[in-house]
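Please read the structure below before turning to the comments.
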Amino acid sequence: MDHFIYQDGQLFAEDVPVAEIAAAVGTPFYVYSTATLVRHFRLFDEALAWGPHLVCYAMKAASNQAILKTLAAEGAGMDVVSGGEYARAKAAGVPGDRIVFSGVGKTRDEIRMVLEGGIRQLNVESEPEMRAISEVASSMGLTAPITVRVNPDVDAKTHAKIATGKSENKFGIPIARAGEVYAEAAALPGLKVIGIDVHIGSQLTQLEPFEQAYKKVADLTEALRADGHDISRLDLGGGLGIPYARSNEAPPLPMDYGALVQRTVGHLGCEIEIEPGRLIVGNAGLLVSDIIYVKNGEGRDFLILDAAMNDLIRPAMYEAHHEIVPVKEATAGAELTPYDIVGPVCESGDTFAKGRLMPPLQTGDLVAFRSAGAYGAVMASEYNTRPLIPEVLVHGDQFAVIRARPTFDEIINRDTIPEWL
Ligand SMILES: *Cc1c(COP(=O)(O)O)cnc(C)c1O
């Protein structure tokens, strides 16, 4: 559920007409709903209320300071995957003991940075990385709290580019080798093993892969405890999917996911961490665009938008489907015609949808991409020297620009000219 609904024939973001925001900030732009963000965070928090837990928002999905502050105020922790994200979380006021550091290639500088600033735990992805953490922590006279990310070799049944839990993926260590790796962790200086980490992929639309993975984690917890390791925390990753197409079968609800977690690992008495990103922010954001031209081609018609693949890469990168709706509500019974919906970038990949059935639309009409909050603004680029588009946050009847559109000069002046030119 989100807070982008039609009222009196036009699309609203909470209590603000989307068209009013467009008039104020210009198109294209991203707009997020505070109420939706908070609602989704609370669904997870409540789903795990049966025991000690921390919901660590995977901030790579959308990392604007205002979004982080909104969630942190609700009690969210943060899952970060780079030194930059760690700095962002800290800048938003999140204390180190609520920040988890994930990611396959943590550099020594990043490790030093988070140990200095304080960290809840580092999720170790490989033995070389574990040794690096041990060395850096020892050299600083500190002890790094760690979990080891295990790869449970389950099929997440999601897009290949966002599946992470099969043995051929680059993530984690094979679960069969966990015993040796934990033994080495216990022997290394500067490390304190506190638990196990697993994350099998993103946009999962079924619970069954989670169930398989978490059962393996439960067995591993018992085996590691029998070997004398103190396993008191389980980080179960993120990955719960969202409905991108209204026609699709609805993905599982956080409440059912929480019940599955309780059923599979609840008996172990561990503190539970989860790292949802997409489900918290995905449906909390729209990308709003203007129609520059309606072009009638040979056998197909095009809607040419002022948003492009550099603003929202998901369709080009993951063949992702986004619902695209008119900001002015179509009249009941309006005739639908197929359009290819494209951006102005000089690549055929700059196509958002092919043959999409749309109501009558004209140059100057606004359209909104639904479910664009996650992996939207954060993956944008300035390809074609198209400025990064503004982000706007709505709260009830208020809205604020939370990242402004840069001017052309600001973009150009980031380049520096060598003295010989
Ligand atoms: C990307 C990622 C997540 C979040 O995945 P979502 O599908 O957005 O919930 C969580 N944990 C790790 C380690 C990740 O890489």
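Each ligand, and each atom within it, is numbered from 1 in the order the structure gives. What you see is a predicted model, and the numbers here were worked out from it, not measured in a lab. Numbers here are sequence positions counted from 1.
For the residue pair Asp45 / His53, a side-chain donor-acceptor distance below 3.5 Å is found, with atom types taken as modelled. Side-chain N/O atoms of Arg386 and Asn310 include a donor and acceptor closer than 3.5 Å.
Residues Tyr214 and Leu234 are not in side-chain contact: their nearest non-hydrogen atoms beyond the backbone lie 4.5 Å or more apart. Looking only at side-chain heavy atoms (C-beta outward), Thr27 and Ser289 stay at 4.5 Å or farther from each other. Two residues are said to be in side-chain contact when any heavy atoms from C-beta on lie closer than 4.5 Å; Gln203 and Tyr318 fail this criterion.
Per-residue contacts place Pro276 under 4.0 angstrom from the following atoms of ligand 1 (heavy atoms of the residue considered): 9 (O). Here is the list of ligand 1 atoms found below 4.0 Å of a heavy atom in Ala58: 3 (C), 4 (C), 10 (C). Near Gly238, the atoms of ligand 1 lying under 4.0 angstrom from a non-hydrogen atom of the residue are 9 (O), 10 (C).
Nearest-heavy-atom check against atom 5 (O) of ligand 1 across Phe101, Tyr57, Tyr375 picks out Tyr375.
Residue-level proximity to ligand 1 for Thr164 is absent, since no heavy atom of it falls below 4.0 angstrom.
Looking at ligand 1, you'll find an N or O of Glu275 within less than 3.5 Å of one of its N or O atoms. Residue Arg149 has no N or O atom closer than 3.5 Å to an N or O atom of ligand 1. Not one N or O of Gly237 is nearer than 3.5 Å to an N or O of ligand 1, by distance alone. Backbone and side-chain nitrogen or oxygen atoms of Gly239 are examined, and one is located within less than 3.5 angstrom of a nitrogen or oxygen of ligand 1.
Residues Val25 and Arg405 approach most closely at O-NH2, 3.2 Å, considering heavy atoms.
No donor-acceptor pair under 3.5 Å is formed between the side chain of Gln10 and the backbone N or O of Lys328.
Nearest protein heavy-atom neighbour of atom 7 (O) of ligand 1: Ser202 OG, 2.3 Å. The nearest protein atom to atom 15 (O) of ligand 1, hydrogens excluded, is given as Lys60 NZ, 2.7 Å; this is a heavy-atom distance.
For Asp79, the heavy-atom gap to ligand 1 drops under 4.0 angstrom.
Applying the side chain to side chain donor-acceptor pair (under 3.5 Å) test to His395 and every residue at least two apart in sequence or in another chain returns nothing.
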